[in-house]
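Take a look at the structure set out below.
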Amino acid sequence: MDRKLVEVKGLKKYYPVTAGLLSRHIADVKAVDGVSFHIAEGETLGLVGESGCGKSTLGRTMLRLEEPTSGSICYRGEDITGWDRKELKALRKEMQMIFQDPQSSLDPRMTIGDSIGEALLVHGMKNERERLELVAQLLKQVGLEPEHADRYPHEFSGGQKQRIGIARALAVNPKLIVADEPVSALDVSVQAQILNLMMDLQHSLGLAFLFIAHDLAVIGHVSNRIAVMYLGQIVEMADKAELLCHPLHPYTEALLSAVPVPDPHLERKRIVLQGEVPSPLKPPPGCRFHTRCPRGSKGCSEAEPELAELKPGHFVACHEPG
Ligand code: ADP
Ligand code: MG
């Protein structure tokens, strides 16, 4: 059953830019600019796009770690967009985040057992003995040893630290995890282990993920569905196999062409995108991608394409899809 766990509609997150003594509002950084999607229970939605496209902002705003500028966020059918601090505290147990750099999210002066148990303390969950037991169980669950609880972060490798970060997120028994580039800082050989761990946990615990990465190869490995983000908006979204085999948006094609293929006979044409992602302070008019699009025709700089369902479950925002 495809039950919606979270549903985001028309979400925007603008950062105001001010100037002068009076802090006059002169512009907005449109980091997230009208995004709609859902994540079903137990599903991994991959979110991919170049650096600066607004992926992290979208993840944080969906969790209400940032105040949305407009739009709505529903969690299990309840509108949480306007929830206050107290209501959000309960929600934090349901939704957790894993970061790119596990080092910076672990306090170097705390044993990892204390770090993992911290969230339980904050939420007043369980007594000390129960906490110790749970920490030992969580360490095993992420492939570490219960004895590791008394050690400090510097005694662990990057991959192990990310396992600790995952154990920490799991401590409060969440339903949804936003994983923001969780393997981007790790050696390739370690990446696969962490991705496999996350997929095992998804299956055994029925977790849902918003899995953020700039690398389509990583996203393709773990996702059920994939959303492609460009300059604050979703430009294409479909089931993984559909998106990888039949991309309709030229931006998706370009991202795909950069993924190495194992079979040399299957060589893809490399599409090199010109320039960088334009500034979200002043996105290009019409289709935001038209300044870098290899297909672009004249009309593309005028009308903004809508995200339309061209095939069942396959959405694309492009004037010349396919
Ligand atoms: P990504 O995660 O895809 O790399 P981000 O969400 O980090 O993208 O950033 C999207 C855009 O929003 C960038 O242009 C970034 O500079 C801007 N941005 C992010 N956070 C802030 C902030 N707190 N204040 C102003 N601009 C921000
Ligand atoms: Mg980011």
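Note that ligands are numbered from 1 as they come in the structure, with each ligand's atoms numbered from 1 the same way. Just so we're clear, the structure is a prediction, and the values are computed from it rather than from any experiment. Along the sequence shown, residues are numbered consecutively beginning with 1.
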- request: Ignoring hydrogens, tell whether any protein atom lies closer than 4.0 Å to atom 1 (P) of ligand 1; use the non-hydrogen atoms only.
  value: yes
statement: Numbered in order shown, the ligand 1 atoms found under 4.0 Å of a heavy atom of T57 are 5 (P), 6 (O), 9 (O), 19 (C)
field: Winner among G52, A31, P278 once heavy atoms are compared against atom 4 (O) of ligand 1
entry: G52
- prompt: So, T81 versus D79: side-chain donor-acceptor pair below 3.5 Å or not?
  reply: yes
query: In terms of heavy-atom contacts, does NZ of K9 have more than 12 from other residues, nucleotides or ligands at under 6.0 Å?
result: no
query: What are the two closest non-hydrogen atoms of L139 and P146, and how far apart are they?
result: CD1-O, 3.8 Å
statement: Numbered in order shown, the ligand 1 atoms found under 4.0 Å of a heavy atom of S51 are 4 (O)
- prompt: side chain to side chain donor-acceptor pair (under 3.5 Å) with R295: which of E320, E253, H290?
  reply: E253
- line: Residue, atom and distance of the protein heavy atom nearest atom 18 (N) of ligand 1 read Y15 CE1, 3.7 Å
- prompt: With backbone taken as N, CA, C and O and side chain as the heavy atoms from C-beta onward, which portion of P280 lies under 4.0 Å from ligand 1: side chain, backbone, both, or neither?
  reply: side chain
task: Take S105 and R168 through the side-chain contact (heavy atoms from CB on, under 4.5 Å) test and state the conclusion after the steps.
output: CA-CA 10 Å; S105 53; R168 224 172 145 214; 4.1 Å; yes
message: If you scan the protein for heavy atoms around atom 15 (C) of ligand 1, do you find one that is closer than 4.0 Å?
response: no
query: Can you find an N/O atom of L58 closer than 3.5 Å to an N/O atom of ligand 1?
result: no
message: Using a plain distance cutoff, I'd like to know if V29 has any nitrogen or oxygen under 3.5 Å from a nitrogen or oxygen of ligand 1.
response: no
- request: Would you please determine whether G49 falls within less than 4.0 Å of ligand 1 on a heavy-atom basis?
  value: no
